[in-house]
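Proteins come first, then strands; the chains are lettered A, B, ... in the order of their sequence lines, and each starts at number 1.
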Protein chains: 2
Amino acid sequence: MSETEIFKVLSDPTRRAILERLSAGEATATDLREGFAITQPAMSQHLAVLRGAGLVNERREGRYAHYSVNAEGFAPLHAWLARYRAFWPSRIDNLKDLLREMDQ
Amino acid sequence: MSETEIFKVLSDPTRRAILERLSAGEATATDLREGFAITQPAMSQHLAVLRGAGLVNERREGRYAHYSVNAEGFAPLHAWLARYRAFWPSRIDNLKDLLREMDQ
DNA sequence: ACGACGTATAAGTCTATGCTTATGTGTTGT
DNA sequence: ACAACACATAAGCATAGACTTATACGTCGT
């Protein structure tokens, strides 16, 4: 998925809230509506967008759609952001060297 | 800056390209236009948005505006993304413990 | 002082997106 | 078989955002 698409998808607060909810575990589309002042089609559309971006997985079980976070979908975001980690706390700056050591 | 704002700002490919250019070093607004098929006001507006989100710094020098990456502005993004690092390569999963050790 | 320059702002246009209501599709229980 | 259910899709509307042209603002060189 393109970086542009991922950023667009995540720029919606409702979708980020959905992801946060899903990070606590799988949930159905109806489950997810609790706590959100949102109609069913709106939720369905948000989930379709998240699915399209590869940020969530869908597991079909009869008439229920179980959604969960697809952490691999965040890889492009991690990769992009890594370019701007130059000013991470200095401890973390040493990470690369550290990992190199760990590999040996 | 709110996560929503940061994601929106970064969802524009031109703005991400500007950041990439700036990550190679400071540049003026006019410098930045090279290589971009973009009018001067459009560039100025993008820079205003980046500045507003705290992602770039402006250094005024006479009639020139020198822009540079403000890496601290990426902190909210790092913090948010950290929640979804559960599936980072397993080596990195140990980072937290590692850093804890380093502090001692 | 004045004109060229570097940049910012204003105002309008066009498209993208998130919402709504209405409806379609497949599944389950009786 | 049929009604209720879980979810998806369609179509329309309203707002946001990225662009344009025009113009304003401050700075520099002559």
Peer 1: In this structure, which one of A:Arg21, A:Glu26, A:Arg51 forms a side chain to side chain donor-acceptor pair (under 3.5 Å) with A:Tyr67?
Peer 2: A:Arg51

Peer 1: Who pairs with B:Glu61 by side chain to side chain donor-acceptor pair (under 3.5 Å), at least two apart in sequence or on another chain?
Peer 2: B:Arg59, B:His66

Peer 1: Write down the distance between CG (A:Asp31) and C1' (D:dC5), rounded to a whole number of angstrom.
Peer 2: 14 Å

Peer 1: In whole Å, what is the span from the CZ atom of B:Phe36 to the P atom of D:dT20?
Peer 2: 14 Å

Peer 1: Just so I know, are the side chains of A:Thr4 and B:Pro13 near enough to count as touching, which here means a heavy-atom distance under 4.5 Å?
Peer 2: yes

Peer 1: Looking at side-chain heavy atoms only, is the closest gap between A:Phe74 and A:Leu19 below 4.5 Å?
Peer 2: yes

Peer 1: Report all interatomic pairs (protein N or O, nucleotide N or O of nucleotides 8-15 of chain C) with separations under 3.5 Å.
Peer 2:
| unit_1 | atom_1 | unit_2 | atom_2 | d |
| --- | --- | --- | --- | --- |
| C:dA8 | OP1 | B:Glu58 | OE2 | 3.3 |
| C:dA8 | OP1 | B:Arg60 | NH2 | 3.2 |
| C:dA8 | OP1 | B:Tyr67 | OH | 2.8 |
| C:dA8 | OP2 | B:Ser44 | OG | 3.0 |
| C:dA8 | N7 | B:Gln40 | NE2 | 2.8 |
| C:dA8 | N6 | B:Gln40 | OE1 | 3.1 |

Peer 1: Nearest whole Å is fine: how far is D:dC5 C1' from A:Tyr64 OH?
Peer 2: 7 Å

Peer 1: Using only atom types and a distance under 3.5 Å, with no angle test, would you say the side chain of B:Ser44 pairs donor to acceptor with the backbone of B:Pro41?
Peer 2: no

Peer 1: I need the CG-C1' distance between A:Leu50 and D:dA8, as an integer number of Å.
Peer 2: 15 Å

Peer 1: Test side-chain contact (heavy atoms from CB on, under 4.5 Å) on B:Leu32 and B:Met43; report intermediate values, then the result.
Peer 2: CA-CA 8 Å; B:Leu32 286 170; B:Met43 175 58 76; 3.8 Å; yes

Peer 1: For C:dA16, does OP1 or OP2 lie under 4.0 Å from any side-chain N or O of A:Lys8?
Peer 2: no

Peer 1: Between A:Gly62 and A:Ile38, just flag the one whose closest nucleotide in DNA chain C comes earlier from the 5' side.
Peer 2: A:Ile38

Peer 1: In whole angstrom, give the distance that lies between atom CZ of A:Arg63 and atom C1' of D:dA6.
Peer 2: 6 Å

Peer 1: State whether A:His46 places a side-chain N or O below 4.0 Å from either non-bridging phosphate oxygen (OP1 or OP2) of C:dC19.
Peer 2: yes

Peer 1: Give the rounded distance in Å between these two atoms: CZ of A:Arg33 and C1' of C:dT20.
Peer 2: 13 Å

Peer 1: Please state how far atom CZ in B:Phe7 lies from atom P in C:dG18, giving the value in whole angstrom units.
Peer 2: 14 Å

Peer 1: With sequence neighbours left out, write down each residue that passes side chain to side chain contact (heavy atoms under 4.5 Å, CB included) with A:Val9, or none if nothing qualifies.
Peer 2: A:Glu5, A:Arg15, A:Val49, A:Leu50, A:Ala53, A:Leu55

Peer 1: OP1, OP2 of C:dG18 versus side-chain N and O of A:Arg15: anything below 4.0 Å?
Peer 2: yes

Peer 1: Starting at the 5' end of DNA chain C and moving along, which residue's nearest nucleotide shows up first, B:Thr28 or A:Ala37?
Peer 2: B:Thr28

